[in-house]
Amino acid sequence: MSHWLVKSEPDVYSWDQLVKDKHTRWDGIRNYAARLHLRTMKTGDEVFFYHSNKGTEIVGIAAVVKEAYPDPTTEDPAWFAVDIKPVKKLKQPVTLEQIKKEKKLANMALVRISRLSVQPVSEEEWHLILKMGGL
């Protein structure tokens, strides 16, 4: 199983909305690196849900429930979407500020490539953030 992080502005699509919807299609990604990550995701992979711009914090854990398929928001066959569902809310959000202060997370994509909307998370990073989030 692999681990990932996806970003969404909370006023566009929030963790609470994902919980309410019970699942969603993660679409509209138009970055080549993010597209490669979407295509790599497998059913059952775990995903940190990150509120970007407002809040800038990891708030929950989702899971991939449908692997990459053509993004229905475009006619261009080069782009893909995946479906995710909520799994668990973190007991306390893990802020970007906390992540940047943790030396063990200095190489995390969230720190190094901050604008990337879909990114891998290493096993060590995953467990450290779970601990920071109270899980």
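As a basis for the values below, the full set of heavy atoms in this structure was taken, side chains included, without hydrogen atoms, waters or symmetry mates.
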d(Asp21 CG, Lys85 NZ) to nearest 0.5 Å is 14.5 Å
- Can you check whether Ser52's main-chain N or O pairs, donor with acceptor, with Thr56's side chain at less than 3.5 Å? no
Worksheet item: Any sub-3.5 Å donor-acceptor pair from Thr74's side-chain atoms to Asp76's backbone N or O?
Response: yes
Nearest heavy-atom contact between Val82 and Ala68 is CG1-N, 3.7 Å
Sequence neighbours excluded, the answer for side-chain contact (heavy atoms from CB on, under 4.5 Å) partners of Ala106 is none
Worksheet item: Given side chains that start at C-beta, do those of Thr73 and Arg25 come closer than 4.5 Å, heavy atoms only?
Response: yes
To the nearest 0.5 Å, atom CG of Leu5 lies from atom OG of Ser117 at 9.5 Å
Under a 3.5 Å distance rule, please check whether Ser8 uses its side chain to pair with a backbone N or O of Tyr13 as donor and acceptor. yes
Can you classify the ring geometry of Phe49 versus Trp15 as parallel (below 30°), tilted (30 to 60°) or perpendicular (above 60°)?
perpendicular
key: Parallel, tilted or perpendicular, as decided by the 30° and 60° cut-offs, for the rings of Trp4 and His37   = tilted
In short, Ala62 meets Ile84 closest at the heavy-atom pair CB-CD1, 4.1 Å
Smallest heavy-atom separation, Asp45 atom then Ser2 atom, equals OD1-N, 3.0 Å
Correct closest heavy-atom pair for Met108 and Ile129 would be CE-CD1, 3.3 Å
For a 4.5 angstrom cut-off between non-hydrogen side-chain atoms, does Trp126 reach Ile61? yes
Between Leu116 and Ala33, the two heavy atoms sitting closest are CD1-CB, 3.8 Å
Ring-ring centroid check Trp79 Tyr32, cutoff 6.0 Å: yes
Taking side chain as C-beta onward, heavy atoms only, is Glu67 less than 4.5 Å from Met41?
no
Problem set entry | Side chain Arg112, main chain Asn107, donor-acceptor under 3.5 Å | yes
Here the gap from Met1 atom CE to His3 atom NE2, rounded to the nearest 0.5 Å, amounts to 5.5 Å
More than 12 foreign heavy atoms under 6.0 Å from CZ of Arg39: is that the case here?
-> no
Interatomic distance, CG@Leu18 vs CH2@Trp26, rounded to 0.5 Å, equals 7.0 Å
- Task: Tell me yes or no: between the side chains of Gln17 and Ser14, is some donor less than 3.5 Å from an acceptor?
- Result: no
Is there a side chain to side chain contact (heavy atoms under 4.5 Å, CB included) between Tyr69 and Asp27 once you walk through the steps?
CA-CA 10 Å; Tyr69 57 93; Asp27 59 21; over 6 Å; no
Check: Glu102 side chain, Ile99 main-chain N or O, donor-acceptor pair, under 3.5 Å:
no
Separation between CG (Leu128) and CD (Glu123), nearest 0.5 Å, reads 12.0 Å
Handout entry: Heavy atoms from other residues, nucleotides or ligands near NE2 of His23 exceed 12 (cutoff 6.0 Å)
Key = no
TODO: Before giving the answer on side chain to side chain contact (heavy atoms under 4.5 Å, CB included), spell out for Ile29 and Val118 the whole-Å C-alpha distance, their side-chain angles and the decisive distance to 0.1 Å.
DONE: CA-CA 8 Å; Ile29 305 301; Val118 179; 4.2 Å; yes
**Message:** Does any part of the side chain of Lys88, heavy atoms only, come nearer than 4.5 Å to the side chain of Leu135, both counted from C-beta?
**Reply:** yes
- Message: Quick one: does any side-chain atom of Asp83 pair with a main-chain N or O of Val65 as donor and acceptor, under 3.5 Å?
- Response: no
**Message:** Run Val121 and Phe48 through side chain to side chain contact (heavy atoms under 4.5 Å, CB included) and show every step you take.
**Reply:** CA-CA 9 Å; Val121 176; Phe48 280 136; 4.2 Å; yes
CD1 of Ile58 to NZ of Lys89, rounded to nearest 0.5 Å, is 14.5 Å
Side chains of Leu96 and Lys100 in contact at under 4.5 Å (non-hydrogen atoms)
yes
Sorted by chain and residue number, the side-chain hydrogen bond (donor to acceptor under 3.5 Å, both in side chains) partners of Asn53 (sequence neighbours excluded) come out as Glu9
*asked:* Grouping I, L, V, M, F, W and Y whenever their side-chain heavy atoms are under 4.5 Å apart, do Tyr50 and Leu90 come out in a common cluster?
replied: yes
Note: Leu110 and Gln119 closest approach over all heavy atoms is N-OE1, 2.7 Å
* Is Val47 reachable from Val19 through a run of I, L, V, M, F, W or Y residues, each pair having side-chain heavy atoms under 4.5 Å apart? -> yes
Residue pairs meeting salt bridge (charged side-chain N to carboxylate O under 4.0 Å, His left out), one or both in residues 51-64, sequence neighbours left out, come to Asp11-Lys54
State plainly whether the residues Asp71 and Arg35 are in salt-bridge range, i.e. N to O under 4.0 Å.
-> no
